Number of protein chains: 2
Amino acid sequence: MAGFRMTKQRRVVLEEVQKAHSHPTAGQVYELVRRRMPRISLATVYRSLEALAEQGMLRKLEMGGTQRRFDGDLYVHQHVRCVLCGRVENVEVELPPQVAVPEQKRGFEVTGCTIEYLGVCPECQADGQ
Amino acid sequence: MAGFRMTKQRRVVLEEVQKAHSHPTAGQVYELVRRRMPRISLATVYRSLEALAEQGMLRKLEMGGTQRRFDGDLYVHQHVRCVLCGRVENVEVELPPQVAVPEQKRGFEVTGCTIEYLGVCPECQADGQ
DNA sequence: TTGATTGCAAACTATTTGCAGAAAG
DNA sequence: CTTTCTGCAAATAGTTTGCAATCAA
């Protein structure tokens with residue numbers, strides 16, 4: 001449970017998530033990393049993403065949609081997700097305190113608050129026409 | 001694509017989601033429905049939930065976590081999700097207009113906004129001690 | 001050295017699909 | 001009747017796990 005080791009694989013996974021300014025899924029990270037390390041396994045990518053998120057070096061996005069996504073940008077922000085293609089982009093939202101501040105709700109000890117906007121991204125708007 | 005038929009199976013699925021004041025997953029709905037219709041198949045439950053959501057008779061929750069959840073309560077509200085057990089409860093949140101109102105964001109045509117609180121539910125708090 | 005990590009393959013979980021027969025309208 | 005729906009079984013998609021070999025500290 002203790003010693004986290006920064007292996008070559010984990011370093012590459014981290015770098016790729018950071019420079020992908022998209023919010024890649026594990027599969028997408030795998031494809032990116034594979035260009036530099038063809039022999040890495042998908043399982044290692046999953047385990048690396050998990051371990052890096054646990055270290056707080058990247059963020060695992062807790063949002064709707066089927067697949068999990070990862071974000072190398074640790075600055076606090078919210079997201080818009082395209083309901084058609086699943087693409088996720090950052091948005092700056094002024095969160096008024098009565099929304100943002102974690103508090104007791106229904107007996108839950110609240111630790112976080114996520115705002116997710118849903119919509120149609122520019123590309124899908126174009127495709128739709 | 002057109003004619004929706006209210007079959008016996010769909011009626012039971014709808015009733016069970018409505019009276020379960022939890023926010024059941026497809027598997028949970030299957031278990032509930034099976035008590036009244038032992039021969040129903042899981043595939044039918046999935047297809048019924050999908051069809052009923054498409055009719056607007058229940059709501060498919062777009063939120064974090066592994067499994068999809070369904071909500072028979074059509075009144076607008078937000079949710080708290082337990083990060084340990086996945087349980088979801090309703091919360092009333094006053095959404096200030098600058099947060100709630102769909103608008104253009106990053107070129108997206110925004111159609112909705114979800115707020116999800118994350119935390120630890122009372123039961124898991126007790127277990128943790 | 002020694003516990004943590006990797007690659008591989010197999011296992012799992014949640015969900016979807018093809019199809020022939022059954023039922024709704 | 002005709003079209004939609006159901007049950008079953010098989011197929012997918014995404015993610016996780018067991019294990020022996022390998023590597024970081």
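All figures in this text were calculated on a predicted structure; none of them were measured in a lab. These values consider heavy atoms only, across backbone and side chains, with no hydrogens, waters or symmetry-generated copies. So you know, we letter chains A, B, ... as the sequences are listed, proteins then strands, and number each from 1.
- Linking ILVMFWY side-chain heavy atoms closer than 4.5 Å, directly or via other members, places Val83(B) and Leu61(A) in two distinct hydrophobic clusters.
- Arg87(B) is not listed as a side-chain neighbour of Val120(B), based on a closest heavy-atom distance of 4.5 Å or more.
- Taking only side-chain atoms of Ile40(B), from C-beta outward, the nucleotide of dT17(D), dG7(D), dT15(C) with the closest atom is dG7(D).
- Candidate nucleotides dC8(D), dA9(C), dT15(D) were compared by shortest atom distance to the side chain of Arg39(B), and dC8(D) ranks first.
- The side chain of Gln9(A) contributes no N or O atom lying less than 4.0 Å from OP1 or OP2 of dC23(D).
- Look at CZ on Arg11(A): it is 16 Å from P on dC23(D), rounded to the nearest Å.
- Here dT6(D) presents its P atom at 11 Å from CG of Leu49(B), a figure rounded to the nearest Å.
- Distances from the side chain of Arg68(B) to the nucleotides dC8(C), dA9(D), dT15(C) place dT15(C) closest.
- In this structure, CD of Gln55(A) is placed 9 Å from P of dT5(C), rounded to the nearest angstrom.
- Per the geometry, CD belonging to Glu50(A) stands 17 Å off C1' belonging to dT6(C), to the nearest Å.
- Residue Tyr46(A) has its side chain nearest to dG14(D) when only dC8(D), dT5(C), dG14(D) are considered.
- At least one donor-acceptor pair closer than 3.5 Å links the side chain of Arg59(B) to the backbone N or O of Leu74(B).
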Protein within reach of the bases, or only the backbone? For nucleotides 20-25 of chain C, mark each nucleotide 5' to 3' as B, S or -, using heavy atoms under 4.0 Å. ---BBS
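- With rounding to whole Å, Leu61(A) atom CG is found 16 Å from dG14(D) atom C1'.
- Both Thr44(B) and Ala26(A) lie close to DNA chain D; mapped to their nearest nucleotides by heavy-atom distance, the more 5′-ward contact belongs to Thr44(B).
- Legend: residues meeting side-chain hydrogen bond (donor to acceptor under 3.5 Å, both in side chains) with Tyr46(B), ordered by chain and number and at least two apart, are absent.
- The side chain of Arg47(A) lies closest to dC8(C), out of dC8(C), dC8(D), dA14(C).
- For the pair Glu31(A) and Arg34(A), the salt-bridge criterion is met [side-chain N within less than 4.0 Å of a carboxylate O].
- When the P atom of dA14(C) is taken as reference, atom NZ of Lys60(B) falls 17 Å away, rounded to whole Å.
- Backbone-only engagement by Arg10(A) is indicated by non-hydrogen atom pairs under 4.0 Å involving sugar-phosphate atoms exclusively.
- Distance, Tyr30(B) OH to dA14(C) P: 14 Å, rounded to whole Å.
- When side chains are defined from C-beta on, Cys113(B) counts as touching Ile115(A), because their heavy atoms get closer than 4.5 Å.
- Look at CG on Leu42(B): it is 11 Å from P on dC8(D), rounded to the nearest Å.
- Each ring pair (Phe, Tyr, Trp, His ring centres under 6.0 Å) pair with one or both residues in residues 56-81 of chain B, not counting sequence neighbours, appears once here: His23(B)-His79(B), His77(B)-His79(B).
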